[in-house]
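In what follows, a single structure is set out as structure tokens and then discussed.
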Protein chains: 2
Amino acid sequence: MHSFTEENYLKTIYYLAARQEGEVTTNSLAEMTATKAASVSDMLRKLAEKQLIHYKKYQGVRLTEEGERLALKVIRRHRIWEVFLAEKLGFGWDEVHEMAEELEHIRSEDLVQKLDAFLGYPQFDPHGDPIPSPAGQMPTVEYTKLSEVTIGEEVQVMGVLEHSPEFLQHLDKTGLNLGCRVLVQDVNAFDKSVSVQINHEKTLFVSNEVARNLLVN
Amino acid sequence: MHSFTEENYLKTIYYLAARQEGEVTTNSLAEMTATKAASVSDMLRKLAEKQLIHYKKYQGVRLTEEGERLALKVIRRHRIWEVFLAEKLGFGWDEVHEMAEELEHIRSEDLVQKLDAFLGYPQFDPHGDPIPSPAGQMPTVEYTKLSEVTIGEEVQVMGVLEHSPEFLQHLDKTGLNLGCRVLVQDVNAFDKSVSVQINHEKTLFVSNEVARNLLVN
DNA sequence: AAAAATTTTTAGACTCGTCTAAATTTTTAT
DNA sequence: ATAAAAATTTAGACGAGTCTAAAAATTTTT
């Protein structure tokens, strides 16, 4: 069995590897896990001993197959719990992450399996992130950032890149929810902000900052 | 905030105080928490410093008001999660305890409140144990042990004193489930075993050991 | 290509919760 | 009432995970 903390490191390494190009560094891990680089170094040595990561001193880190399997298990649990919290308990998509950070560490194969069934085998969490399969496969999705969509195209909001409550609450306020249709009317040449029409109704101005963090198809 | 471990000690002290007459001792805590007496001593000093227990060396231990409030909070979470696992996910009453031991430590007032609402504000957990109120009151129930019921009386199974999976599975096998009606037909003078009729159908012999652990009204 | 800056690792220490072994207090038995 | 037994606490240690400060390696700058 692996500790709480080890699971968090593996999960974080997975996220950083997926997000960044290049190696996952000690510093980036320290930042993500809100610890110090020294602590990360210690833990990397430990994870390497357990064969969960490939690690050469000063050279960054990569998950082994076993490490990735574990990371995806944790991510699967996290996202399934998020669906439960949002769909069954009525929490907002800006609230579910924090609770799921704790729930993801409850270790019972049976529990997550039954929960998955109870929820009807959801494919995506409340932020549009795909849920890894029980076998440990991360579904591939190819979405585009709203900031890349050309004028005149109509797309649908499928997910977010930024998961902070502040960002999600901002989307709630402006009505940019998952699944809503967005017609790109204009792109401002100066600041790259986007003028969009939502659900064939109201028109909205979306900053480039926001558009870069909205995933559409 | 209090640690996982502290919560477990408080909960255990509460249970032992309710179950036993007299003081809760270091040894009984050590047995219940599957640790050694020395570890318990250390923790008691710590809990006393935090004013969660009344503690004089060599003299046993009692929860303070604040300690009891916390213990009941944990027990409430535990039992609500048990209801969820049994009613919504379809786990047996012999399976829910272990998972609830982990879930009870998830700290979000909001979560337990919403879960409670989702479950329709249940009054009892799957073993018939009452669920403490949000304000931290343990409902009083006065049940009788089946072993105390006089011949000819018909009663209903309301709960269990023994919570081990083995005991619960035994009850499942013999059909002695929560809510079933039990008519006491005879009591064996020698071994105090009880002959009962269940739901006006089949007749069953129940050992005194089992009868002493079955709560009826 | 050497110096400076940055990143990473090591060394040593701390907290939490646990342990064993020894000391102390309380209880029980004679 | 005192000795023996049992329960409890203290002392000292350990592993996990963290920290700060210092050392070492790597990268960037000049």
Side-chain angles (χ1 to χ4, degrees), chain A residues 1-13 16-17 19-63 67 70-71 74 101-102 104-107, chain B residues 1-13 16-17 19-63 67 70-71 74 101-102 104-107:
Chain A
M1 237 6 49
H2 304 92
S3 77
F4 223 86
T5 312
E6 286 171 338
E7 287 190 349
N8 279 332
Y9 272 92
L10 294 174
K11 180 186 64 173
T12 306
I13 293 167
L16 285 177
R19 194 164 303 167
Q20 293 170 185
E21 53 293 328
E23 293 290 337
V24 174
T25 65
T26 302
N27 262 359
S28 60
L29 278 166
E31 196 187 345
M32 279 281 276
T33 55
T35 61
K36 296 299 158 76
S39 312
V40 173
S41 258
D42 277 355
M43 182 56 84
L44 293 183
R45 195 183 25 68
K46 190 171 144 192
L47 291 173
E49 267 166 29
K50 296 196 178 186
Q51 320 250 34
L52 298 171
I53 59 174
H54 296 293
Y55 172 55
K56 285 216 195 79
K57 282 196 251 184
Y58 298 99
Q59 310 266 120
V61 71
R62 243 176 52 244
L63 291 174
L70 285 174
V74 177
E101 283 288 296
E102 300 188 54
E104 74 188 6
H105 299 294
I106 309 249
R107 281 172 238 293
Chain B
M1 236 9 43
H2 304 94
S3 78
F4 222 87
T5 311
E6 285 172 337
E7 287 190 347
N8 280 333
Y9 272 92
L10 293 174
K11 180 186 64 170
T12 306
I13 293 168
L16 285 177
R19 194 165 303 167
Q20 294 171 185
E21 53 293 328
E23 293 289 337
V24 175
T25 66
T26 302
N27 262 0
S28 59
L29 279 166
E31 196 188 343
M32 278 282 276
T33 55
T35 61
K36 295 300 158 80
S39 313
V40 173
S41 259
D42 276 356
M43 182 56 84
L44 293 183
R45 196 181 27 66
K46 190 171 144 193
L47 292 173
E49 268 167 29
K50 296 196 178 186
Q51 321 248 34
L52 297 172
I53 58 173
H54 296 293
Y55 173 54
K56 284 215 196 81
K57 283 195 250 182
Y58 298 99
Q59 310 265 121
V61 70
R62 242 176 53 242
L63 292 174
L70 285 174
V74 177
E101 283 289 297
E102 300 188 53
E104 73 188 4
H105 299 294
I106 309 253
R107 279 172 238 294

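A note on names: the letters A, B, ... follow the listed sequences, proteins ahead of strands, and every chain is numbered from 1.
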Discussion item. Output the rounded distance in Å from CG (L29(A)) to P (dT9(C)).
Written reply: 10 Å
Worksheet entry | Closest to side chain of K57(B), choosing from dT9(D), dT18(D), dC19(C) | dT9(D)
Worksheet item: Does N27(A) have a side-chain nitrogen or oxygen under 4.0 Å from the phosphate oxygens OP1 or OP2 of dT6(C)?
Response: no
Worksheet item: K56(B) NZ to dT24(C) C1': how many Å, rounded?
Response: 19 Å
Fill in: Separation of atom CD in E31(B) from atom P in dA7(D), rounded to whole Å
11 Å
Worksheet entry | Exam field: side chain S28(B) to backbone V24(B), donor-acceptor pair closer than 3.5 Å | no
Worksheet, complete the sentence: Y9(B) has its side chain closest, among dT18(D), dT10(C), dT18(C), to dT18(C)
Worksheet item: Going by heavy atoms in the side chains, are V61(A) and L47(A) under 4.5 Å from each other?
Response: no
Worksheet item: When we call it a touch if two heavy atoms are under 4.0 Å apart, what does T26(B) touch: a base, just sugar-phosphate, or nothing?
Response: sugar-phosphate
Fill in: Given dT18(D), dT9(C), dT8(D), the nucleotide with the shortest approach to the side chain of S41(B)
dT8(D)
Item to complete: State the pairing partner of dT30(D); accept Watson-Crick or G-U wobble contacts with both distances under 3.5 Å, and report none otherwise.
Response: dA1(C)
Discussion item. Just the rounded figure in Å: distance from P of dA11(C) to NZ of K36(A).
Written reply: 21 Å
Discussion item. Could you tell me how far apart R45(A) (CZ) and dG15(D) (C1') are, to the nearest whole angstrom?
Written reply: 12 Å
Item to complete: Compare all side-chain heavy atoms of S3(B) with those of Y9(B) and state whether any distance is below 4.5 angstrom.
Response: no
Item to complete: Respond yes when some side-chain nitrogen or oxygen of Y58(A) is under 4.0 Å from OP1 or OP2 of dT10(C), and no when none is.
Response: no
Fill in: Given dT26(C), dT8(C), dT18(D), the nucleotide with the shortest approach to the side chain of T35(A)
dT18(D)
Fill in: For dT28(C), the Watson-Crick or wobble counterpart (both distances under 3.5 Å)
dA3(D)
Item to complete: Show the numbers, then the answer: is there a salt bridge (Lys or Arg N to Asp or Glu O under 4.0 Å) between E23(A) and K56(A)?
Response: CA-CA 11 Å; E23(A) 293 290 337; K56(A) 285 216 195 79; over 6 Å; no
Worksheet item: To the nearest 0.5 Å, what is the distance between CD (E31(A)) and OG1 (T12(A))?
Response: 12.0 Å
Worksheet, complete the sentence: The nucleotide from dT9(D), dT26(D), dA21(D) with an atom nearest the side chain of A38(B) is dT9(D)
Item to complete: Provide, to the nearest angstrom, the distance between the CZ atom belonging to F4(A) and the C1' atom belonging to dC16(C).
Response: 15 Å
Fill in: For atom CE of M43(A) and atom C1' of dT10(C), their distance in whole Å
17 Å
Discussion item. What is the separation between atom CD on Q59(B) and atom P on dA6(D), rounded to the nearest whole Å?
Written reply: 21 Å
